[in-house]
Structure formats: C-alpha cells, structure tokens
Amino acid sequence: MTILGIGVDVVHVPRVTALIRRRGLQKFVSRILSPQELSDWNSLPACTTELARSRFLAVRWSVKEAAYKAMYPMLRPSWKELTYNNDGRKPSLLIQPHVPQDTLKLGSSHVSVSHDGDYVFASVVLEAPYTKL
C-alpha cells in the first residue's frame with residue numbers, strides 16, 4: 001500500500017453552532033453538504049437536539065477538511081464533492097471529483113472520526129491506486 005496523503009482536523013462543536021446562528025442554518029447546510037448528506041440531514045427526526053445537529057455538521061466538516069488536506073495539491077475538491085458515509089458499518093469517504101480522470105489518482109480511503117464533549121476529530125488516509133507489477 002502506497003500512501004498518497006494523510007489529513008487530520010479538529011472541530012470545536014460550539015463554533016459550528018455559532019456559525020449556524022450567525023449565517024443561518026439552511027445557508028450553512030446547503031454550502032457544506034453533498035446531495036447524499038443533505039438527504040441524510042433532511043431525514044433527521046424533528047426532535048433532534050441542536051447539539052446533535054451541530055455535531056452532525058461538525059463531523060462532516062472535520063472529515064472534509066481532513067480529506068482535503070490528504071488530497072492537496074493533487075486534487076482540490078469542493079465541499080459538495082466529498083461525502084462522508086457512516087451507515088453503521090465502516091465509515092467511508094466518497095469522492096466525486098468533477099474531472100473523471102482525477103479518480104485514477106486515488107485508491108482506497110480510510111476514515112476515522114472521534115468525538116468527545118465539544119470536539120470532533122477526523123483523520124483520513126488516502127492510498128494510491130493498486131497497480132500490478
């Protein structure tokens with residue numbers, strides 16, 4: 001396995017809450033979430049607390065920042081081109097670069113997310129594509 005990049009990020013959840021209050025929830029959500037994440041967001045129960053909603057957004061923010069750091073300068077995806085998927089199995093990162101040949105530059109991605117109290121930590125490791133010798 002050849003590692004192309006490693007990225008890490010830490011997000012302070014109250015900062016996300018403050019950004020939402022300052023800029024508006026819908027504007028913030030539509031700016032950082034991919035279509036799949038937006039669907040997940042819209043399916044959150046109405047009774048979901050403000051803290052849980054902020055943490056949902058903080059996790060995605062942190063994963064995307066870590067992924068960007070792992071990809072740079074090879075790729076420069078937008079927020080919406082990166083999708084964090086945590087369907088109860090192994091967390092994953094889906095990358096939809098706008099230039100199809102860019103996908104040839106990347107192999108598997110490995111994502112780890114941890115949150116404790118007011119902080120979310122994400123790490124992303126990107127592999128080079130597997131090639132037979």
Side-chain angles (χ1 to χ4, degrees):
M1 163 176 72
T2 302
I3 295 176
L4 287 178
I6 299 172
V8 299
D9 195 62
V10 176
V11 173
H12 191 226
V13 178
R15 179 175 169 241
V16 172
T17 303
L19 278 169
I20 292 168
R21 289 180 181 156
R22 205 169 46 244
R23 299 189 185 211
L25 179 63
Q26 288 310 315
K27 184 175 181 181
F28 184 77
V29 166
S30 66
R31 182 173 179 182
I32 72 162
L33 297 181
S34 70
Q36 181 182 335
E37 292 168 329
L38 192 54
S39 175
D40 294 343
W41 170 262
N42 289 330
S43 67
L44 289 175
C47 61
T48 305
T49 65
E50 180 183 51
L51 175 60
R53 287 181 178 272
S54 294
R55 186 172 287 137
F56 177 97
L57 295 170
V59 165
R60 276 123 192 103
W61 180 305
S62 186
V63 168
K64 292 176 184 210
E65 283 285 329
Y68 189 88
K69 292 171 185 174
M71 291 178 205
Y72 186 83
M74 186 181 356
L75 291 175
R76 294 180 178 176
S78 71
W79 288 97
K80 293 181 182 186
E81 292 173 327
L82 300 172
T83 300
Y84 171 69
N85 185 21
N86 185 8
D87 58 6
R89 292 176 278 186
K90 183 179 175 185
S92 63
L93 178 69
L94 304 173
I95 306 161
Q96 298 106 8
H98 59 280
V99 181
Q101 64 262 29
D102 283 347
T103 58
L104 300 175
K105 297 177 185 176
L106 299 175
S108 297
S109 63
H110 306 275
V111 179
S112 179
V113 177
S114 183
H115 35 83
D116 184 19
D118 287 344
Y119 294 92
V120 172
F121 175 83
S123 62
V124 173
V125 175
L126 295 176
E127 293 181 34
Y130 177 75
T131 56
K132 290 184 178 182
L133 299 176

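Computed from a predicted structure; not experimentally measured. The figures that follow rest on heavy atoms only: side chains count, while hydrogens, waters and symmetry mates do not.
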Name each donor-acceptor pair under 3.5 Å that joins a side chain in residues 31-41 to protein atoms two or more places apart or in another chain, with its distance.
from : atom 1 : to  : atom 2 : distance (Å)
S34  : OG     : E37 : N      : 3.3
S34  : OG     : E37 : OE1    : 3.3
S34  : OG     : T83 : OG1    : 2.8
E37  : OE1    : S34 : N      : 2.9
E37  : OE1    : K64 : NZ     : 2.6
E37  : OE2    : Y84 : N      : 2.8

Who passes side chain to side chain contact (heavy atoms under 4.5 Å, CB included) against S112, sequence neighbours left out?
S123
Other hydrophobic cluster members with F121, side-chain heavy atoms of Ile/Leu/Val/Met/Phe/Trp/Tyr under 4.5 Å, chained?
V8, V10, Y119
For residues 65-74, which residue pairs pass the side chain to side chain donor-acceptor pair (under 3.5 Å) check, not counting sequence neighbours?
D9-K69, Y72-R76
Stepwise side chain to side chain contact (heavy atoms under 4.5 Å, CB included) check, N86 with V113
CA-CA 10 Å; N86 185 8; V113 177; over 6 Å; no
If you look only at pairs with a residue in residues 17-26, which of them pass as a side chain to side chain donor-acceptor pair (under 3.5 Å), with sequence neighbours excluded?
T17-S54, R21-E50
Taking the side chain as C-beta and beyond, is there a heavy-atom pair between V11 and V16 under 4.5 Å?
yes
Nearest-0.5 Å distance, CG of residue L25 to CZ of residue R53:
7.0 Å
Go through the structure and list residues passing side chain to side chain contact (heavy atoms under 4.5 Å, CB included) with A67, not counting sequence neighbours.
M71, L82, L93, V124
Closest approach of A122 and A66, non-hydrogen atoms and distance?
O-CB, 3.8 Å
Can you see which heavy atom on L126 is nearest to which on A70, and at what distance?
CD1-CB, 3.8 Å
Among residues at least two apart in sequence or on other chains, which ones pass side chain to side chain contact (heavy atoms under 4.5 Å, CB included) with S43?
none
How many angstroms lie between atom CE of M74 and atom CG of L4, to the nearest 0.5 angstrom?
4.0 Å
Pair listing, salt bridge (charged side-chain N to carboxylate O under 4.0 Å, His left out) test, anchored in residues 116-126, at least two apart:
none
List the residues meeting side chain to side chain contact (heavy atoms under 4.5 Å, CB included) with P45, not counting sequence neighbours, and say none if there are none.
C47, T48
Approximate separation, where rounding is to 0.5 Å, of S108 OG and I3 CD1
11.5 Å
